[in-house]
J.: 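Below you will find the structure I want to go over with you.
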Amino acid sequence: MKLIKEIRDSDIINKVIPNPKEKYSYRVAARTILINSTGKIAILEIKKHGCHKLPGGGLEEGEDIKQALKREIKEEIGAEIEIIGEVGMIIEYKNKYNQKQTSYCYLAKIKNINAKPSLTREEKEAGLTLRWVSIEDALKLFEEDSPKEYTARFIRLRDYTFLLEAKKLLKSIKIFEDCKS
């Protein structure tokens, strides 16, 4: 999958947090630009941090990236999805936590919404709320976000970058027309 961007502390807080040993724990995550039958995409508002995120999350033991994505969407949206393409990957170096995270982002469409979301306690406490919006409206929401919390700043830049890349892809493959039929 194509590397879109590497994000470091200096990209989100204008300074470098030292990691003297350059030693990181490693986390892998799956994200999606999830399109419904009307051509709108799913975004999740994180009320606690005053920002938005794309659906998805980290891999659990024994999962591959696509399995993790399908599980996360079932949990966060209550839907089954069909993965229809790749957006790209972003690597984040979070020196505050000595963590290197690689997020893989896919284009997907809803196959079936058959359940209520089953959010974790932390997601409920954060005020995670699903919204369906046009990609242009999603970009505007992310542009207006100004989270103060460290991780939320990474989320905002990462997912905004994925949205910009997806917008280019969606224009070239006319995916919205396919979803409406």
J.: Can any side-chain N or O of Glu149 pair as donor or acceptor with the backbone N or O of Thr151 at less than 3.5 Å?
T.: yes
J.: Compare all side-chain heavy atoms of Asp9 with those of Tyr150 and state whether any distance is below 4.5 angstrom.
T.: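 The answer is yes; the side chains approach within 4.5 Å.
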J.: With a 4.5 Å heavy-atom cut-off, do Arg158 and Thr161 have their side chains touching?
T.: no
J.: Return the OG to NZ distance between Ser103 and Lys5, rounded to the nearest 0.5 Å.
T.: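 Atom-to-atom, Ser103:OG and Lys5:NZ are 14.0 Å apart.
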J.: Please test Ile90 against Leu157 for side chain to side chain contact (heavy atoms under 4.5 Å, CB included), starting from the C-alpha separation and ending with a verdict.
T.: CA-CA 10 Å; Ile90 292 177; Leu157 180 55; over 6 Å; no
J.: So do Ile46 and Leu44 actually touch side chain to side chain, heavy atoms under 4.5 Å?
T.: no
J.: Closest heavy-atom contact between Asn98 and Lys23?
T.: CB-O, 3.6 Å
J.: For the OG1 atom of Thr38 and the CG atom of Asn36, what is their distance to the nearest 0.5 Å?
T.: 3.5 Å
J.: Sequence neighbours left out, what passes side chain to side chain contact (heavy atoms under 4.5 Å, CB included) with Arg156? Give chain and number order.
T.: Phe142, Asp145, Pro147
J.: Find the distance between CD (Glu6) and OG1 (Thr102) and round it off to the nearest 0.5 Å.
T.: 9.0 Å
J.: Nearest 0.5 Å please: distance from the CG atom of Leu141 over to the CD1 atom of Ile43.
T.: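 The CG atom of Leu141 sits 4.5 Å away from the CD1 atom of Ile43.
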J.: Which pairs pass side chain to side chain donor-acceptor pair (under 3.5 Å) with one or both residues in residues 73-86, sequence neighbours excluded?
T.: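 Found Arg71-Glu75, Glu80-Asn114.
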J.: Is Tyr104 close to Tyr106 at the side-chain level, that is, under 4.5 Å between some pair of heavy atoms?
T.: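 Of all side-chain heavy-atom pairs linking Tyr104 with Tyr106, at least one is under 4.5 Å.
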J.: Can you sort out the partners of Lys94 under salt bridge (charged side-chain N to carboxylate O under 4.0 Å, His left out), two or more places apart, ordered by chain and number?
T.: Glu92
J.: Check for a donor-acceptor pair, side chain of Arg153 on one end and backbone N or O of Ile12 on the other, with a separation under 3.5 Å.
T.: yes
J.: With a 4.5 Å limit on heavy-atom distance, are the side chains of Leu107 and Leu170 in contact?
T.: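 Answer yes - side chains close enough.
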J.: How long is the span from the NZ atom in Lys48 to the CD atom in Glu122, to the nearest 0.5 Å?
T.: 9.0 Å
J.: Listed by chain and number, what are the side chain to side chain contact (heavy atoms under 4.5 Å, CB included) partners of Leu139, not counting sequence neighbours?
T.: Glu143, Tyr160, Leu163, Leu164, Lys167
J.: Please name the pair of heavy atoms, one in Ala42 and one in Pro55, separated by the smallest distance, quoted to 0.1 Å.
T.: O-CD, 3.4 Å
J.: Any heavy-atom pair between the side chains of Ile33 and Cys105 that's under 4.5 Å?
T.: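 Yes; the side chains approach each other to less than 4.5 Å.
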J.: With sequence neighbours excluded, tell me which residues meet side chain to side chain contact (heavy atoms under 4.5 Å, CB included) with Lys2.
T.: Ile4, Glu165
J.: Taking the side chain as everything from C-beta on, heavy atoms only, tell me whether Ile91 gets closer than 4.5 Å to Lys100.
T.: yes
J.: Would you please test Asn95 and Arg8 for side chain to side chain contact (heavy atoms under 4.5 Å, CB included) and show each step?
T.: CA-CA 8 Å; Asn95 283 0; Arg8 299 179 185 279; over 6 Å; no
J.: As an exercise, state the distance from CD of Gln101 to OH of Tyr93, rounded to the nearest 0.5 Å.
T.: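 Spacing of CD (Gln101) from OH (Tyr93) equals 12.0 Å.
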J.: Considering only heavy atoms from C-beta outward, does the side chain of Leu59 approach that of Ile65 to under 4.5 Å?
T.: yes
J.: For residues 127-136, run the donor-acceptor check on the side chains, cut-off 3.5 Å, and write out each pair with its distance to 0.1 Å, sequence neighbours left out.
T.:
residue : atom : partner : partner atom : Å
Thr129  : OG1  : Gly127  : O            : 3.1
Ser134  : OG   : Asp137  : N            : 3.0
Ser134  : OG   : Asp137  : OD2          : 3.4

